[in-house]
Amino acid sequence: TADAMDFGSPAGAVLLANSTSGVVTLRPYTSGLAVTLGDTSATGLGITGSGAGLASAGWLVIGDTATPSVNLGGNFNAGSTTLELHATGDITTSVGAKLSATRLAAYAGGGITLDGDNALGGIAAGATDTRGVVAGGDIAITSTAASFAIGASVTGSNVTLLADDVAITARVSAPGGHLTLAPYSGGVAITLGADGAGTLALNGSEIALLGDSAAPTATFTLGSATAGAITQKGNADFRDSSTFNNDRVSALELLSGGA
């Protein structure tokens with residue numbers, strides 16, 4: 001614990017713990033301080049670290065139940081770890097700031113906006129929470145990785161995920177709200193109902209994890225005005241046959257700028 005932490009730009013990780021089960025926790029010494037990543041000049045706890053990445057551990061936990069907000073104020077490389085962020089309010093990104101982490105877990109009472117050109121490998125469970133990304137408000141996450149692995153649940157008022165491909169093995173939902181999934185790069189084609197190399201592809205098993213019939217997502221938008229062509233190659237079922245009120249998604253919207 002401290003109210004400012006500057007780890008410089010090391011050639012290797014400087015915070016070490018067991019690579020699968022170890023937890024490194026960084027939080028303010030003074031309770032109630034906001035956290036800024038990538039910038040120590042901001043008010044509150046500033047944490048910097050770049051180079052090869054800050055931590056080699058199962059989890060790098062930043063913030064706690066007394067942390068009002070977390071802002072990505074500059075480039076920040078968490079390293080080979082699950083970066084776990086906590087805020088009672090919002091998790092935000094300053095213009096031009098980029099986040100790098102093998103995996104991400106984030107929990108906010110407000111919104112979560114990590115919409116820079118982030119190098120994120122995917123979403124994973126936290127050290128003490130089986131969920132992945134949970135917000136009381138909206139969620140917007142962008143990843144430049146070739147494939148973005150969603151291995152733990154994502155839930156927010158409205159959810160926007162941008163990635164050139166996804167591997168979904170956990171539920172993604174926006175109860176009563178809007179869920180958007182679109183390529184990060186312009187011109188990337190979309191495959192619906194099957195796997196498809198070189199495309200943003202959703203197979204049947206992945207589609208079954210979009211929305212939740214217990215609290216349906218109002219609208220699911222797949223694609224964008226800059227996405228490539230959308231091709232359906234298999235069944236795309238957004239309803240659960242096992243329940244009476246069985247819509248996981250109430251409305252489907254397909255957007256493409258391709259032919």
Side-chain angles (χ1 to χ4, degrees), residues 5-27 35-39 45-64 67 69-87 90-94 96-108 112-135 139-154 159-170 172 184:
M5 304 179 189
D6 186 350
F7 295 98
S9 299
V14 296
L15 302 175
L16 304 176
N18 184 282
S19 61
T20 56
S21 62
V23 179
V24 174
T25 301
L26 304 179
R27 59 176 178 260
V35 172
T36 300
L37 304 179
D39 182 3
L45 169 58
I47 303 173
T48 63
S50 55
L54 187 58
S56 177
W59 292 269
L60 172 60
V61 180
I62 296 178
D64 57 21
T67 302
S69 63
V70 176
N71 176 246
L72 181 64
N75 294 349
F76 186 80
N77 188 347
S80 180
T81 187
T82 296
L83 174 63
E84 180 178 337
L85 303 176
H86 290 265
D90 295 331
I91 296 174
T92 56
T93 299
S94 296
K98 300 177 183 180
L99 177 64
S100 299
T102 307
R103 298 166 301 276
L104 173 71
Y107 311 96
I112 297 174
T113 304
L114 295 170
D115 57 355
D117 294 333
N118 304 309
L120 299 174
I123 292 170
T128 58
D129 196 318
T130 59
R131 301 172 299 171
V133 175
V134 181
I139 295 172
I141 297 175
T142 297
S143 174
T144 64
S147 183
F148 186 63
I150 301 175
S153 62
V154 179
V159 177
T160 300
L161 302 175
L162 302 183
D164 285 345
D165 196 14
V166 291
I168 302 175
T169 56
V172 182
Y184 163 76

After noting the C-alpha distance and the side-chain angles of Asp115 and Ile141, does the key distance pass the side-chain contact (heavy atoms from CB on, under 4.5 Å) rule?
CA-CA 5 Å; Asp115 57 355; Ile141 297 175; over 6 Å; no
Run Leu85 and Tyr107 through side-chain contact (heavy atoms from CB on, under 4.5 Å) and show every step you take.
CA-CA 6 Å; Leu85 303 176; Tyr107 311 96; over 6 Å; no
With side-chain contact (heavy atoms from CB on, under 4.5 Å) as the criterion, how do Leu37 and Asp39 come out once you've worked through the C-alpha distance, each side chain's angles and the decisive distance to 0.1 Å?
CA-CA 6 Å; Leu37 304 179; Asp39 182 3; over 6 Å; no
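Separating the CD1 atom in Ile139 from the CD1 atom in Ile112 is a distance of 5.0 Å, to the nearest 0.5 Å. Separating the CG atom in Leu162 from the OH atom in Tyr184 is a distance of 9.5 Å, to the nearest 0.5 Å. A distance of 7.5 Å separates CG in Asn75 from OG in Ser100, rounded to the nearest 0.5 Å. With rounding to the nearest 0.5 angstrom, the CG atom of Leu60 is 11.5 Å from the OG atom of Ser80. To the nearest 0.5 Å, atom OG1 of residue Thr128 and atom NE2 of residue His86 are 5.5 Å apart. Note: Leu104 CG to Leu99 CG = 7.0 Å, rounded to the nearest 0.5 Å.
Between Trp59 and Ala125, the closest heavy-atom pair is NE1-O, 3.0 Å. Between Leu72 and Ala97, the closest heavy-atom pair is O-CB, 3.4 Å. Among all heavy-atom pairs drawn from Ala124 and Ala152, the shortest one is C-CB, 3.5 Å. Val61 and Ala127 make their closest contact through CG2-CB, 4.5 Å (heavy atoms, listed as atom of the first residue, atom of the second, distance). Between Ala78 and Leu83, the shortest heavy-atom distance links the atoms CB-CB, 4.0 Å. Here the closest heavy-atom approach between residue Val166 and residue Ala163 is recorded as CG1-CB, 4.2 Å.
With sequence neighbours excluded, the residues forming a side chain to side chain donor-acceptor pair (under 3.5 Å) with Thr92 are Asn71, listed by chain and number. Taking Thr82 as the reference, Arg103 meet the side chain to side chain donor-acceptor pair (under 3.5 Å) condition, with sequence neighbours excluded. In this structure, the side chain to side chain donor-acceptor pair (under 3.5 Å) partners of Asp64, at least two apart in sequence or on a different chain, are Thr67.
Without hydrogens or angle criteria, Thr93 side chain to Thr113 main chain gives a donor-acceptor distance under 3.5 Å. Side-chain N or O atoms of Asn118 include one that pairs as donor or acceptor with a backbone N or O of Leu114 at under 3.5 Å. A donor-acceptor contact shorter than 3.5 Å links the side chain of Thr102 to the backbone of Gly79.
Thr169 places none of its side-chain heavy atoms less than 4.5 Å from the side chain of Ile150. Side chains of Phe148 and Asp164 form no contact here, defined as non-hydrogen atoms less than 4.5 Å apart. For the pair Phe76/Ile62, a side-chain contact is recorded, criterion being any heavy-atom separation below 4.5 Å from C-beta on.
Evaluated for a side chain to side chain contact (heavy atoms under 4.5 Å, CB included) with Val154, the options Ile123, Ile168, Val134 yield exactly one hit, Ile123.
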